[in-house]
Amino acid sequence: GNSVTQMEGPVTLSEEAFLTINCTYTATGYPSLFWYVQYPGEGLQLLLKATKADDKGSNKGFEATYRKETTSFHLEKGSVQVSDSAVYFCALSIVVTGGGNKLTFGTGTQLKVEL
Amino acid sequence: GAVVSQHPSWVICKSGTSVKIECRSLDFQATTMFWYRQFPKQSLMLMATSNEGSKATYEQGVEKDKFLINHASLTLSTLTVTSAHPEDSSFYICSARDNLEQYFGPGTRLTVT
């Protein structure tokens with residue numbers, strides 16, 4: 001079946017540090033890959049996505065590259081801010097029989113950025 | 001961006017009672033809504049997919065008679081947990097799809113005592 005594995009948290013960084021959150025996936029077919037972010041008290045928001053191999057998704061200084069050869073979609077940011085503190089979810093989406101698609105999520109990684 | 005709301009944000013109920021959770025798409029019409037359940041430090045697990053005006057499609061292992069889903073309009077879906085038990089305590093999250101993107105509600109924390 002389809003699954004997503006991401007590094008456990010919490011990840012604690014100082015402001016302006018480099019961020020990497022690892023994500024690997026297992027899927028049949030050709031999934032689209034996503035990173036969602038959940039700020040305290042809010043719903044999940046789409047951060048970035050990539051729909052095919054070698055695509056790079058980017059938004060708000062975050063980026064992730066769809067690596068088919070390593071089945072990975074690691075999230076990176078060159079310089080984190082306190083406002084980036086949140087829970088980050090890696091997810092994949094694949095078209096299901098009958099149409100439509102279904103999201104499969106990783107367990108989420110909590111990021112804490114300190115001054 | 002599109003906004004999805006949930007009500008209530010948290011609820012405590014006694015074992016054996018039923019609880020209804022509402023999910024609304026505030027500024028768009030959603031033909032498809034999804035209900036997820038999240039346990040601490042675990043990923044979101046899809047419970048069911050509901051399409052407006054038709055019966056919900058439940059994931060394997062989810063009891064459709066226990067988790068009643070109604071999607072009567074393009075902006076409202078409800079999840080009713082019937083005869084709740086402590087093991088139903090969890091964080092329930094809804095999502096609504098607008099074209100190809102899903103938008104998520106803030107979640108509802110259910111505690112059954």
Side-chain angles (χ1 to χ4, degrees), chain A residues 1-11 21-27 31-52 57 59-60 73 86-111, chain B residues 1-10 21-28 30-52 54-62 71 91-109:
Chain A
N2 302 321
S3 66
V4 176
T5 302
Q6 60 182 109
M7 62 190 290
E8 289 190 21
V11 173
I21 301 178
N22 290 336
C23 171
T24 57
Y25 67 90
T26 301
S32 294
L33 301 175
F34 305 81
W35 276 100
Y36 284 86
V37 58
Q38 186 177 30
Y39 298 103
E42 298 183 19
L44 275 71
Q45 301 173 26
L46 178 63
L47 180 61
L48 54 84
K49 66 180 180 182
T51 58
K52 61 183 188 296
N59 186 27
K60 299 180 181 180
F73 193 55
V87 181
Y88 293 82
F89 291 89
C90 185
L92 67 82
S93 173
I94 202 155
V95 177
V96 296
T97 303
N101 53 15
K102 184 184 295 187
L103 280 169
T104 299
F105 288 90
T107 54
T109 301
Q110 184 173 11
L111 171 65
Chain B
V3 178
V4 175
S5 70
Q6 281 185 242
H7 178 80
S9 56
W10 59 270
I21 303 170
E22 293 186 349
C23 176
R24 294 180 184 273
S25 56
L26 297 185
D27 48 5
F28 67 100
T31 55
T32 304
M33 287 187 169
F34 305 85
W35 286 95
Y36 295 84
R37 183 172 178 177
Q38 185 180 26
F39 293 98
K41 298 186 178 181
Q42 294 189 28
S43 61
L44 282 72
M45 303 300 296
L46 180 64
M47 299 175 65
T49 302
S50 74
N51 293 296
E52 186 264 338
S54 63
K55 291 183 179 180
T57 301
Y58 290 80
E59 295 299 301
Q60 192 172 10
V62 178
H71 191 169
F91 195 57
Y92 293 88
I93 301 173
C94 77
S95 173
R97 187 157 67 198
D98 174 16
N99 294 324
L100 295 178
E101 186 165 339
Q102 281 185 234
Y103 301 93
F104 288 82
T108 297
R109 172 75 60 191

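Just so it is clear: chains get the letters A, B, ... in the order the sequence lines come, proteins before strands, and each one is counted from 1.
For A/Phe89, the ring-ring contact (aromatic ring centres under 6.0 Å, His included) criterion is met by no residue, not counting sequence neighbours. Taking the side chain to side chain donor-acceptor pair (under 3.5 Å) definition, one finds that A/Asn59 meets it with nothing, sequence neighbours left out.
For B/Phe39, no part lies under 4.5 angstrom from a heavy atom of chain A. Heavy-atom distances place no part of A/Phe34 under 4.5 Å from chain B, backbone and side chain included. Only the side chain of B/Gln38 has a heavy atom closer than 4.5 Å to any heavy atom of chain A. Both the backbone and the side chain of B/Leu44 come within contact range of chain A, each with at least one heavy atom under 4.5 Å from a heavy atom of that chain.
Interface summary for chain B: among A/Leu46, A/Thr104, A/Val87, the most heavy-atom pairs under 4.5 angstrom belong to A/Leu46.
One finds the OH atom of B/Tyr103 at 11.0 Å from the CD atom of A/Gln45 (value rounded to the nearest 0.5 Å). In this structure, CG in A/Leu44 is found 8.5 Å from OG in B/Ser95, a value given to the nearest 0.5 Å. Here the straight-line distance linking atom OG1 of B/Thr57 with atom NZ of A/Lys102 works out to 9.0 Å at 0.5 Å rounding.
Close placement of the B/Phe104 and A/Phe105 rings is indicated, their centers lying within 6.0 Å of each other.
Across every non-hydrogen atom of B/Ser43 and A/Gly106, the tightest pair is CB-O, 2.8 Å.
The neighbour count for B/Met45 CE, taken as heavy atoms of other residues, nucleotides or ligands under 6.0 Å away, does not exceed 12.
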